[in-house]
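Start at 1 and go down the list; that is how both ligands and their atoms are numbered. No experiment lies behind these values; they were computed from the predicted model shown.
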Amino acid sequence: MKAQTPTATASPETIAFRAALDVVGAALPEVADSIRQELADQRSHLKLIASENFASPAVLLAMGNWLSDKYAEGSPGHRFYAGCDNVDAIESRAVELAKSLFGAQHAYVQPHSGIDANLVAFWAVLTHRVEAPELERLNAKDVRDLSAEDWEGLRRKLGSQKMMGITVEPQTNLIDYDEVRKRAREERPLLLIAGYSSYPRRINFRTFREIADEVGATFMVDMAHFAGLVAGKVYTGDFEPVRHAHIVTTTTHKTLRGPRGGMVLCDAELAGTVDRGCPLVLGGPLPHIIAAKAVALHEASQPEFATYARRIVDNAAALAEALQSNGVTVVTGGSENHIVLVDVRPFGLTGRQGEAALRSAGVTLNRNVIPYDTNGSWYTSGLRLGTPAVTTLGMAAAEMQEIAAIIAGVLRATAPTKTTSGKPSLANYTLDEPARSQAEGRARDLLGRFPLYPEIEL
Ligand code: DSN
């Protein structure tokens, strides 16, 4: 794509992104072209992936600079490298913003992803709860002084911990707290974890904490999906995780609308170990991403963010209701967060077929297993829809009705093809072209009224 020259009337964001892409394009044109194409793609498809969002231009721009060139292992004021004054200032600010936004005693903003944040949390809990002389030596000394035998001993002890999960109640597809309590009493876990990526309901964290206390477990919440709803004070009281859990992990790019990354919030007791996440668990921190996290945390502290978070939830409830009015089966019959989980089996489809058919009609979402799914996690029987991104665009209840009608129309017009043995295919399908084209037109109309990054002209 040909680079454009900034005009006198161009917005600062337009000037910034055009200039950045011109510079990138001069180095490797096809990469700049793909970045431009990605914007075109996100502008021309309805984004309903529950774990995605649109970060602000300020968040995006904070990532593209020379902070990326710094190594900063350690924590603010305690680094293994010289020259970290500016990274210290940025990281300290991000930590303060995170603590204040979530009411946490401590925040660790270095994890590169949600998995990294979870590994740091597991490490911290194991360090505090498992009796291992190697761990005591590790806490007393520098990680670089541990011997090969120390590491081998640690791996054996930490790796011997069992993991087990609890499924939802088969009739309602809801968490059965009595069952959680019963299993916890039987298993006496070291760590009780609550969190979700496709459960469309709230979780009562007070009850989980009571169960954890009763069986002597540490209580951890992975709030990656709903961190924005916590930041925006939609989840309060029993449903607010930070006050009830000993340790909370999250990503920063989902409902929180920040850069792709992770974070840990914890009680002061665990702070020292959590802060040693790098180099114990993580590679070098990403100072440019931490800068963007600071910007996003500041944005999430503004009153408008609370309004945004409330709208995400209202939109998901409206979408779930509208889908059901259009004859679509919604798991648990509704939504109390940003997620709507659809069962596509009544259409004779797999999730994979539904996902592909909808993408061809201008709707981007992902297939997902539903409770007790017999189709496995590749084909699945469900679709997961999320409202964070369309809410960022400014859509509300009326638009949720339109989205529900588009989705229902496409699913009705899609049918599996037959395999050579005469069985319905799990992957291949046919989609009636007039229905597809009509759905695509409706999606484009909607996106035309709620443009992505209207301030950016490329
Ligand atoms: N991969 C993420 C999701 O899509 O839910 C989970 O972190």
Solution key, residues 61-68 side-chain donor-acceptor pairs under 3.5 Å, sequence neighbours excluded:
from, atom 1, to, atom 2, distance (Å)
Asn65, OD1, Leu67, N, 2.9
Asn65, ND2, Ala62, O, 2.7

Which side-chain N or O atoms in residues 215-223 pair as donor and acceptor under 3.5 Å with protein atoms at least two apart or in another chain?
from, atom 1, to, atom 2, distance (Å)
Thr218, OG1, Arg129, NH1, 2.8
Asp222, OD1, Ala224, N, 3.0
Asp222, OD2, Asn118, ND2, 3.2

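- Checked against a 6.0 Å centroid threshold, the rings of Tyr196 and Phe226 count as neighbours.
- Ring pair Phe305/Tyr308: centre-to-centre distance below 6.0 Å.
- The pair Glu355-Arg359 does not meet the salt-bridge criterion, since no charged nitrogen lies less than 4.0 angstrom from a carboxylate oxygen.
- The ring pair (Phe, Tyr, Trp, His ring centres under 6.0 Å) contacts involving residues 355-408 comprise nothing, where partners must be two or more places apart or lie in separate chains.
- Closer than 4.0 angstrom to ligand 1 by heavy atom are Ser51, Ser197, His225, Lys254, Arg384, sorted by chain and number.
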